[in-house]
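For clarity, every value in this text was computed on a predicted model and none was experimentally measured. Each chain gets a letter, A, B and so on, in the order its sequence line appears, and its residues count up from 1. The analysis underlying the following values was restricted to heavy atoms, covering all of them including side chains, and did not include hydrogens, waters or symmetry mates.
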There are 2 protein chains.
Amino acid sequence: MINQKYLNTFMKLVETQHFTQTAEQLFMTQPGVTQHIQKLEKYFNTLLLQRYGKQFELTLAGEKLYQTGLKMRLLEEQLSEQINHDDPTQGHCSFACSGPLANFLYPHFISYQSLHPQLSISVEAAPNKNIINDLLTNKVDLGIVTVEVIQEQLKQTLLATEELQLILPASFAQEAKKWSFVDLNNIGFINHPDGLHFIEKVFTANFKADYKGVNSLNVKGYVNQLQQILLPVAKGLGFTILPKRAVLQFKQQDQLTVVSLEHVIEETLYLTQKRYRQLPTRYDWFESKMKMLLS
Amino acid sequence: MINQKYLNTFMKLVETQHFTQTAEQLFMTQPGVTQHIQKLEKYFNTLLLQRYGKQFELTLAGEKLYQTGLKMRLLEEQLSEQINHDDPTQGHCSFACSGPLANFLYPHFISYQSLHPQLSISVEAAPNKNIINDLLTNKVDLGIVTVEVIQEQLKQTLLATEELQLILPASFAQEAKKWSFVDLNNIGFINHPDGLHFIEKVFTANFKADYKGVNSLNVKGYVNQLQQILLPVAKGLGFTILPKRAVLQFKQQDQLTVVSLEHVIEETLYLTQKRYRQLPTRYDWFESKMKMLLS
DNA sequence: AATTAACCATAATATTTTGTTATTATGTTT
DNA sequence: AAACATAATAACAAAATATTATGGTTAATT
């Protein structure tokens, strides 16, 4: 690592062109200046000054070091100015949530971003597990997940609840029919990243007698693209379970039937973040906006 | 100045998230790491780490310091890579010379620049005195002047010689007339930045008997724009003295007469640079190009 | 030309800074 | 509950850094 004190002495020397004056201005003695320059020359293994008489010119290396020094000086100045500032209208904001939620939230975010162009916003759609992992590794700052986390490092606040809907192909629609686990399992399940988690919640509440865990489930497919999960259902290939907001985003609503369940299961959305990590104030707007939109 | 060693320790700590591992990887002991962080926190007068148990998260300040550290690390890497390189096809080249010469040279320079877009080229038209001053203060690296300099800090090589021409309005043209100092002084002198210097050289050689120094000269005007020096001459308002190349650049040649002098005076062009200052190799092409063009 | 003053380099020494060892306190895991 | 791992602190050792004293050059002055 380059010694900044030496570099500073060098820069002052370049500016004064004078060892003794450099020493005076930096409140040190002249031999100190000489030694600093010598240390730098040893460190870079190059002459920095072309000496002649008691004067000198910079060598090419010296010139480059000086230029770099200017840039470093700038970086340092900016840092000490900014290190205790927390501007709510600039910087990077990173979010992760489920696909449907991302689709829903992102338009609101970008209209805010256009008010504050200094903001940079990234929203990643991902399943709960990945979101939690991204939070733990600081890849995102704020996540919305549908599970309570066990990690002590994370903290959560309740954002909203949303109904989980059991979706059948419209072709299977039968008024007031009371569907059983066996009926559904004959049709087959279209899985997705949160699919089994939803099954567990909805089926244990509604089909306690017959449902014996995910192993007994007839899984007919899997897809992790939000827009595509409901396609096989629409085509009559199977049923699935999704949050209401995800179902509403599907184009061909007439191809689907929402089965009304005896025990309505609400999925809970938790705003999740690192417990010991202070978020910049630029996140404040997003937090309150999300609470407003989702409540 | 921020201590780079401390910063380096901090960066490693951010990357390992672990004091002991940081110490091992940097071949130091764990208390050293603790102390480095403490020194940085004292220096910035802010917490950099939010500690909990034996773990920690970065504070906002810590995050900013880490980001700045990354930039500094990059600067340093680039420097140590480049400090002993001297690429002839990139970097800044600065020249100063007389206006006519600048007009003549610059087109050749820019066509070279278009071959090597990494080059940046500046050519400044200025009188000798300014050129010398700019060289001494490192504002330009290479200059062309028409005088021998006295400063020991500068070195010169002969580039070319060029005839100094005495220019009269075309209306004054008289075949084979032998002009005297008094004739000319009646017409009056149009001065320019190098005007008196040229007068001195040409008149002492040609009108030794009558010319008694610049004080006796009838100066009718002054302008330091190359394109405009010959305008008053063309209009019949006075005579002037210019290098041949400057005269050739004037549009209305038919308005001018070049007086043939008994003693032709050649102006000498000296390539001038700092004696103890090595020029980057990117100047090599320019030096040889200029020699080629002007010889 | 001789003298003086200004300036930078070097060597030896003093001082300050930095790093280490030993130890304690506090969590974490078995 | 015991063993282990980790970070903080204090005291001390080591290293880095700065200063004083001095000498050799170069430039300025007489």
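- Residue B:H36 contributes atom NE2, which lies 14 Å from atom P of D:dA8 at whole-angstrom precision.
- Between B:E152 and A:T29, the one whose closest nucleotide on DNA chain D sits nearer the 5' end is A:T29.
- Ring pair A:F10/A:Y66 is perpendicular by interplanar angle, where above 60° counts as perpendicular and below 30° as parallel.
- Closest approach of A:Q50 to A:T59, counting heavy atoms only: N-CG2, 3.8 Å.
- Side-chain nitrogen and oxygen atoms of A:N3 include at least one within less than 4.0 Å of the OP1 or OP2 phosphate oxygen of D:dT17.
- The distance from atom CD of B:Q17 to atom P of D:dT6 is 14 Å, rounded to the nearest whole Å.
- Counting any heavy atom pair closer than 4.0 Å across all strands shown, B:Y52 reaches no nucleic acid atom.
- Closest to the B:Q38 side chain, of the nucleotides D:dT9, D:dT17, D:dA8, is D:dT9.
- For D:dT26, the base has a donor-acceptor partner in the side chain of A:K54 [N/O atoms by modelled type, under 3.5 angstrom].
- Between A:K5 and A:Q21, it is A:Q21 whose nearest contact on DNA chain C lies nearer the 5' terminus.
- Among the heavy atoms of the strands lying under 4.0 Å from A:Q35 is at least one base atom, whether or not backbone atoms are also near.
- Comparing atom distances between the B:T20 side chain and each of D:dT19, D:dT6, D:dA8 picks out D:dT6 as nearest.
- Using a 4.0 Å heavy-atom criterion, one finds that A:G32 contacts the bases of the nucleic acid, with or without backbone contacts as well.
- Side-chain N or O atoms of A:Q17 include one that pairs as donor or acceptor with a backbone N or O of A:V14 at under 3.5 Å.
- Across all their heavy atoms, A:L60 and B:Q278 have their closest contact at CD2-O, 3.3 Å.
- Each of B:Q273, B:R277, B:H92 was evaluated against B:D141; a single residue qualifies, B:R277, per the side chain to side chain donor-acceptor pair (under 3.5 Å) test.
- Ring planes of B:F95 and B:F286: tilted class, angle from 30 to 60°.
- Here the C1' atom of nucleotide D:dT9 and the NZ atom of B:K39 are 13 Å apart, to the nearest Å.
- As judged by a 4.0 angstrom heavy-atom cut-off over every strand, B:Y6 is placed among residues touching the sugar-phosphate backbone only.
- Atom-to-atom, CD1 of A:I37 to P of D:dT17 comes out at 14 Å; the value is rounded to the nearest Å.
- Across the protein-nucleic acid pair, A:R51 atom CZ and D:dT26 atom P stand 14 Å apart, rounded to whole Å.
- Once you apply a 4.0 Å limit to the heavy atoms of chain A, the touched nucleotides of DNA chain C run 5' to 3' over C:dA6 to C:dA11.
- Residues forming a ring-ring contact (aromatic ring centres under 6.0 Å, His included) with B:Y211 (at least two apart in sequence, or on another chain): B:F181, B:F203.
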